[in-house]
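These numbers come from the heavy atoms of this one structure, side chains and all, not from hydrogens, waters or symmetry mates. Just so we're clear, the structure is a prediction, and the values are computed from it rather than from any experiment.
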Amino acid sequence: MKSLFAEKVREVVRSIPKGETLPYMVVAERAGNPRAARAVGTIMKNNYDPTIPCHRVIRSDGALGGYNRGVSQKREILLEEGAICK
DNA sequence: TAGTTGACCGGAA
DNA sequence: ATTCCGGCCAACT
């Protein structure tokens, strides 16, 4: 049974348009817990659903953060979508 | 039930 | 600008 928060987080991440990135903070806020940015990472890490563009979620500092498939892959995807200004 | 962990954040040194 | 520290929250052991 997945918690409501995790489910909401997935929905939010899934609604991220191509070519745009959303900080963990914002995802947490839209999920209902503005202070659960950390928990979002925990959920994402455990979430391997390809329908969820978790690579669009980055840190508020502008850093990519992490990725279950490798940060290199994440960076490549974002560059390909134009979500990164170099 | 309680303690530890981590794809985080913001402020201080 | 970079590094360190405490706080917050969900999942795991």
Between dA7(B) atom P and I77(A) atom CD1, what is the distance in whole Å? 18 Å

Nucleic acid contacts - residues 43-65 of chain A versus DNA chain C, non-hydrogen atoms under 4.0 Å: N46(A)

Between E81(A) and R56(A), is the closest basic N to carboxylate O distance under 4.0 Å? yes

Which ones in residues 5-16 of chain A lie close to DNA chain B, meaning a heavy atom under 4.0 Å from one of its atoms? none

Quick test: give all pairs of protein nitrogen or oxygen and nucleotides 2-4 of chain B nitrogen or oxygen below 3.5 Å, distance rounded to 0.1 Å.
none

If you look at every heavy atom in A28(A) and A36(A), which pair is closest and at what distance? CB-C, 3.6 Å

List the atom pairs, donor and acceptor, that lie under 3.5 Å between side-chain atoms in residues 64-79 of chain A and the rest of the protein, sequence neighbours left out.
| unit_1 | atom_1 | unit_2 | atom_2 | d |
| --- | --- | --- | --- | --- |
| N68(A) | ND2 | N47(A) | O | 3.4 |
| K74(A) | NZ | V57(A) | O | 2.7 |
| K74(A) | NZ | L64(A) | O | 2.5 |
| K74(A) | NZ | G66(A) | O | 3.1 |

Electrostatic pair R14(A):E11(A) at N-O distance under 4.0 angstrom: yes

What verdict does the side-chain contact (heavy atoms from CB on, under 4.5 Å) test give for R10(A) and T51(A), after you've listed the backbone C-alpha separation in whole Å, the side-chain angles of each residue and the deciding distance to 0.1 Å? CA-CA 9 Å; R10(A) 287 194 223 159; T51(A) 63; over 6 Å; no

Quick check for you: to the nearest 0.5 Å, what is the distance between L22(A) atom CG and S60(A) atom OG? 11.5 Å

Starting from P on dC9(B), measure out to CZ on R35(A) and report it in whole angstrom. 15 Å

Could you measure the distance from the OH atom of Y24(A) to the CD1 atom of I43(A)? Nearest 0.5 Å is fine. 11.5 Å

For a quick check of understanding: with a heavy-atom distance under 4.0 Å over all strands, which category does A36(A) fall into, base, sugar-phosphate or nothing? sugar-phosphate

Are M25(A) and V40(A) close enough that some pair of their side-chain heavy atoms sits under 4.5 Å apart? no

5'-most to 3'-most nt of DNA chain C touching chain A (<4.0 Å, heavy-atom partner on protein side) reads dG7(C) to dC12(C)

Which ones in residues 17-32 of chain A lie close to DNA chain B, meaning a heavy atom under 4.0 Å from one of its atoms? Y24(A), M25(A)

Closest approach of V9(A) and A31(A), non-hydrogen atoms and distance? CG2-CB, 3.6 Å

